[in-house]
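Proteins get letters first, then strands, A, B, ... in listed order; numbering begins at 1 in each.
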Amino acid sequence: MLVLQTIRENPEEVLNLLAIKNFDGKEILQTILALDDKRKETQRMLDDNLAQGNLLAREIGNLFKAGKAAEANLLKEKTSELKELSKELSTTFEMTKKELETALLKVPNLPHPSIPRGKTPEDNEIVHEEGSIPDLPDSAVPHWDLAARYDLIDFALGNKIAGAGFPVYKGKVARLQRALINFFLDRAIAEGYLEIQPPYLVNADSGFGTGQLPDKDGQMYYAPVDDLYLIPTAEVPVTNMYRDVILKESDFPLKNVAYSSCFRREAGSYGKDVRGLNRLHQFDKVEIVQVSHPDSSYSVLEEMKNYVSGLLRALELPFRIVKLCGGDMSFTSAMTYDMEVYSAAQKRWLEVSSISNFESFQANRMKLRYKDETGKMQLAHTLNGSALALPRIVAALLENNQTHEGIKIPEALVPYTGFKIID
RNA sequence: GGAGAGAUGGCAGAGUGGUCGAAUGCGGCGGUCUCGAAAACCGUUGAUCCCUUUUGGGAUCCGGGGGUUCGAAUCCCCCUCUCUCCGCCA
């Protein structure tokens, strides 16, 4: 949620930045400012009214104490119309506030001024490319064929037990995934992240805090009996640890890492995007989350980007870093880098990580603040990134490392898997 | 799941209808003292919003929501959470 003051102070600049995200904010910004004016005016009247009421109540109290019941009862009559007016005003006030918030929630986060303009992934900016794309023999096959050949992943079985998008992993690929999780966690811990094991179900307040609600509630699995949502990413519970928290400047930077399963309904996905491991309803991910001082959030973003690059390097996967254009960025992000790994048999880049700076957009929703040196309250900045999501990493490892003898495990992982080859 | 008790400021803890945003203690911050620190003493110590150029004034907040009342932390109803006992259980 944008800070209202920003809109009020620089409406033109806000409009221009929103245009980078292809969002025409002209109408809604006007609505927001008008609603805010109305809110203020209503509050002024309401406050005056309540103040009068308080004054009267005090007088009546004093009169009763002094034993002047008759006079007190006379004053009582005066309060009734005051009360009625207050009730009316407070109804208007609450309604206006709600309307204002609803409108404010419809406005996406402002992109950083450096964000490239554009509408589709083609307009994204490739900022880095690294590693050599393996030259596979003609006999090379995509991971779903490898999974069948070595009896690693059973999609049909998952379909029977749960449904499409819930594969069953078996044997060495199950161990490979467990190895990856531990590898990712150990690396993050060595980098100064605090490991967190969060709840997998969250309440509506948490979904709201990170921006899944109210806009994207159709993307989360929902347990209506208990009014809880299955997390689409550990970002939700971990970031929400800091909801309604007031930090000290010395608390920065807060660095958390969490492994979790992730649950996504992925309504509306289809085609080659959902083949094999490319898009699942349930998958595992290690997520890094940082809460930072506003002055350093962009250097933190770079640091996180470099950290994830190091993971891919260690896994010997060819990757590239893409800075998302305005049109491809999420509602809540101010800047996002996608990390993409080349999947040699599918001959395409697979997004394995998305690293974003949300600036104060989430913090404003969550009331995540800190006191600066002068004692003033300021909104903190939040960032997060996958480090990393497993399925596509597994897909790329299987595909890129296939040989006639079997699938080779990268050296860095061998201490974790306990084996060097899947055959 | 059943029965009972409770939820107050950073923490502990008083307050059971009338200047109570809230005693007191601890903690935090500032000062005196000290070469410095500790101790002691003095002062200070929440958030949000509105009006005001500053100073200042006002409203709201005692788990959350609703109600009674001229007036609610205090009374009533609903919900959530915590604790104790019973039941069930990895």
**Report entry** Whole-Å distance separating the CG atom of Leu55(A) from the C1' atom of rG18(B)
**Finding:** 14 Å
Query - Check: Ser206(A)/Asn203(A) side-chain N/O donor and acceptor closer than 3.5 Å - result: yes
Requested in this report: Using both distances under 3.5 Å as the test, list the Watson-Crick or G-U wobble partner of rU54(B), or none.
Outcome: none
Query raised in the report: Is the cationic atom of Lys172(A) (NZ for Lys, CZ for Arg) positioned less than 6.0 Å from the six-membered ring centroid of Phe419(A) and within 45 degrees of its normal?
Result: yes
Requested in this report: Could you pull out the closest heavy-atom pair between Gln290(A) and Tyr193(A), with the gap in Å?
Outcome: NE2-OH, 3.0 Å
Report summary line: For Ala314(A) and Ala412(A), the nearest pair of non-hydrogen atoms, with its separation, is O-CB, 3.6 Å
Query raised in the report: Between rG64(B) and rA73(B), how far is it from one P atom to the other, in whole Å?
Result: 12 Å
**Report entry** Taking every non-hydrogen atom, the tightest pair across Val286(A) and Ile181(A)
**Finding:** CG2-O, 4.1 Å
**Report entry** Euclidean distance for P, rG67(B) against rU48(B) (whole angstrom)
**Finding:** 27 Å
Query raised in the report: Which letter, B, S or -, goes with each nucleotide of nucleotides 69-78 of chain B from 5' to 3', with contact meaning a protein heavy atom under 4.0 Å?
Result: -BS-------
Report task. Both distances under 3.5 Å, Watson-Crick or G-U wobble: report the partner of rA37(B), or none. Result -> none
Query raised in the report: When you measure from the side chain of Arg369(A), which nucleotide among rC50(B), rG67(B), rA47(B) comes out closest?
Result: rA47(B)
**Report entry** Separation of the C1' atoms in rG25(B) and rC81(B), to the nearest angstrom
**Finding:** 27 Å
Report task. Check side chain to side chain contact (heavy atoms under 4.5 Å, CB included) between Asp123(A) and all other residues, then give those that pass, not counting sequence neighbours. Result -> Lys119(A), Thr120(A), Cys325(A)
Query raised in the report: What distance, rounded to whole Å, do you find between the two C1' atoms, one in rU24(B) and one in rU60(B)?
Result: 26 Å
**Report entry** rG63(B) to rU82(B) separation - C1' atoms, rounded to the nearest Å
**Finding:** 10 Å
Requested in this report: Before accepting this row, confirm whether a basic side-chain N of the pair Glu303(A)/Lys255(A) lies closer than 4.0 Å to the acidic partner's carboxylate O.
Outcome: yes
Report task. Would you mind classifying the nucleic acid contact of Lys248(A) as base, sugar-phosphate or nothing, using non-hydrogen atoms under 4.0 angstrom? Result -> nothing
Report task. Please report the closest heavy-atom contact between Glu235(A) and Val289(A), naming both atoms and the distance. Result -> CA-CG2, 4.3 Å
Report task. Mind calculating the distance between NZ (Lys371(A)) and P (rG46(B)) to the nearest angstrom? Result -> 8 Å
Requested in this report: In whole angstrom, give the distance that lies between atom CG of Asp48(A) and atom C1' of rU60(B).
Outcome: 14 Å
Query raised in the report: rC11(B) and rG28(B): how far apart are their C1' atoms, nearest whole angstrom?
Result: 11 Å
Query raised in the report: Could you give the CE-to-P distance, from Met1(A) to rU48(B), as a whole number of Å?
Result: 14 Å
Requested in this report: Under a 3.5 Å limit for both distances, which nucleotide forms a Watson-Crick or G-U wobble pair with rA72(B), could you say?
Outcome: none
Query - Pairwise C1' distance for rC62(B) and rU53(B), with rounding to whole Å - result: 36 Å
Query - Closest to side chain of Asp47(A), choosing from rC51(B), rG58(B), rU60(B) - result: rG58(B)
Query raised in the report: Atom CG of Leu100(A) and atom P of rC50(B): how far apart are they, to the nearest Å?
Result: 11 Å
Requested in this report: May I have the distance from Leu63(A) (atom CG) to rU19(B) (atom P), rounded to whole angstrom?
Outcome: 15 Å
Report task. For rG18(B) versus rG10(B), give the span between their C1' atoms, rounded off to a whole number of Å. Result -> 30 Å
Query - Residue whose nearest RNA chain B nucleotide is more 5′ - Arg39(A) or Asn62(A) - result: Asn62(A)
Query raised in the report: Is rG1(B) paired to anything, Watson-Crick or G-U wobble with both distances less than 3.5 Å, and if yes, which nucleotide?
Result: rC86(B)
Report summary line: Paired to rC81(B) by Watson-Crick or G-U wobble criteria (both distances under 3.5 Å) is rG6(B)
Query raised in the report: Lys97(A) has an atom NZ; how far is it from atom P of rA59(B), in whole Å?
Result: 16 Å
Query raised in the report: For rG43(B), which nucleotide is its Watson-Crick or G-U wobble mate, given both distances must be under 3.5 Å?
Result: rC29(B)
**Report entry** Nucleotide nearest Gln43(A) when distance is taken to its side chain, options rG58(B), rA47(B), rG67(B)
**Finding:** rG58(B)
Query raised in the report: Taking Glu77(A) for the side chain and Leu74(A) for the main chain, is one N or O donor matched with an acceptor at less than 3.5 Å?
Result: no
Query raised in the report: For Arg44(A) and Gln52(A), take the nucleotide of RNA chain B holding the closest heavy atom to each; which residue's nucleotide lies nearer the 5' end?
Result: Arg44(A)
Query raised in the report: Atom CG of Leu4(A) to atom C1' of rC49(B): distance rounded to whole Å?
Result: 12 Å
